[in-house]
Amino acid sequence: MRAVFIVFFCVILYHNGSAQDIRINEVMASNSSILDEDGDTPDWLELHNFGSAPILLNDWSLSDRIDEPNKWSFPDISLLSGDHLLVWASKKDKGEIGFAQQLITQGDSYKYIIPNSTTGTNWIEPEFNDTSWATGSSGFGYGDDDDETQVPNGTISVFIRKKFNVDDIDAIKELILHMDFDDGFVAYINGLEVARFNINGNNPAHDAFAIDYVEASLFQGLSPNRYNINGFENVLNEGENVLAVQIHNNVVTSSDLSVTPFLSSISTNNALPKPDERLNLVDSELHSNF
């Protein structure tokens with residue numbers, strides 16, 4: 001028996017099997033206020049399992065066309081008894097729920113150094129021996145009273161390194177670096193550059209200056225800068241990884257310097273803590289292809 005439920009504006013919930021206790025509970029066909037995880041306002045619909053048992057959705061589909069009932073298929077997830085599930089009608093075609101998770105956050109322990117001409121460039125590599133470096137918690141810097149680990153006033157640059165683990169690269173759908181910094185930085189994962197702002201040059205020298213003055217965000221109540229790491233699957237290792245960041249001042253007489261990195265992922269696994277709320281990262285939701 002085929003179960004088809006049709007709602008106004010021709011939204012079809014289709015299941016090739018016996019009828020079950022699930023229905024479209026609500027439709028928003030002109031959304032202007034509710035944001036998805038990308039900050040957009042697409043239309044949406046909500047499913048409700050009004051039955052007494054969980055329902056596996058992998059044989060169900062949605063469509064906006066009667067002659068094409070299998071236009072968008074649900075992933076292999078269950079809707080528990082009494083639960084609701086929102087699906088965005090956005091054309092983004094996202095068929096997996098991704099969980100926002102924290103890999104590195106403020107206050108984590110790093111190895112760090114105020115570099116000089118003997119520091120070299122191999123410090124960004126995962127196999128670099130940093131046992132002689134100092135240990136401190138992020139953020140690093142001086143001025144503004146926003147730094148956990150203080151460095152001397154007038155410091156031109158600080159190099160920091162942090163190890164982190166990844167258990168399953170295939171489970172990661174997005175890798176996001178947030179940086180709270182003043183004034184310029186370059187960030188690397190496993191020796192490969194993944195983000196930079198306000199500084200020139202390949203592996204900038206210890207005495208290089210940032211191009212301009214940039215004020216840190218968090219102590220002002222603002223969110224840090226976001227950098228999506230494209231091609232992360234070619235950067236990460238399964239197991240141990242290293243995030244390395246160099247932060248640079250724009251002048252010796254600067255009143256402040258700071259760096260606080262955050263590394264987060266959107267993953268199909270849900271085993272790690274949630275990211276800092278100030279990053280405004282949310283779980284990735286289901287999006288239909290219409």
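- A salt bridge links Asp283 to Lys274: at least one charged side-chain nitrogen sits closer than 4.0 Å to a carboxylate oxygen.
- Contact of the Tyr112 side chain with the Phe140 side chain is registered, since non-hydrogen atoms from C-beta on lie closer than 4.5 Å.
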message = Determine whether Glu285 and His287 satisfy the following criterion, side-chain hydrogen bond (donor to acceptor under 3.5 Å, both in side chains), listing intermediate values before the conclusion.
response = CA-CA 6 Å; Glu285 297 170 316; His287 290 253; 5.3 Å; no
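- Looking at Ser138 and Ile160, their side chains never come closer than 4.5 Å, going by heavy atoms from C-beta outward.
- Just one residue in the list Phe262, Phe185, Phe181, Phe232 forms a ring pair (Phe, Tyr, Trp, His ring centres under 6.0 Å) with Tyr227, and that residue is Phe185.
- For the residue pair Asn31 / Asp43, no side-chain donor-acceptor distance below 3.5 Å is found, with atom types taken as modelled.
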message = Assess the residue pair Ser223 and Asn280 against the criterion (side-chain hydrogen bond (donor to acceptor under 3.5 Å, both in side chains)); give the C-alpha distance rounded to whole Å, side-chain angles, the decisive distance to 0.1 Å, and a yes or no.
response = CA-CA 8 Å; Ser223 296; Asn280 298 316; 2.9 Å; yes
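- You'll find the side chain of Leu279 reaches within 4.5 Å of the side chain of Pro224, heavy atoms only.
- For the residue pair Tyr142 and Asn249, a side-chain donor N or O sits within less than 3.5 Å of a side-chain acceptor on the partner.
- Between the side chain of Asp144 and the backbone N or O of Asp146 there is no donor-acceptor pair closer than 3.5 Å.
- Ser157 is listed as a side-chain neighbour of Pro115, based on a closest heavy-atom distance under 4.5 Å.
- Residues Val259 and Tyr110 form no side-chain contact, since every pair of their non-hydrogen atoms from C-beta on lies 4.5 Å or further apart.
- Salt-bridge check for Arg226 with Glu174: passed, with a basic side-chain N closer than 4.0 Å to an acidic carboxylate O.
- Side chains of Thr135 and Lys111: a donor-acceptor N/O pair is present below 3.5 angstrom, by distance only.
- Salt bridge present: Asp38 and Lys94 bring a charged side-chain N and a carboxylate O closer than 4.0 Å.
- With a 4.5 Å cut-off on side-chain heavy atoms, Asp36 and Thr41 do not count as touching.
- Under the 4.5 Å side-chain criterion, counting only non-hydrogen atoms from C-beta, Leu272 is not in contact with Gln102.
- Using a 4.5 Å heavy-atom threshold, the side chains of Trp60 and Ile22 count as touching.
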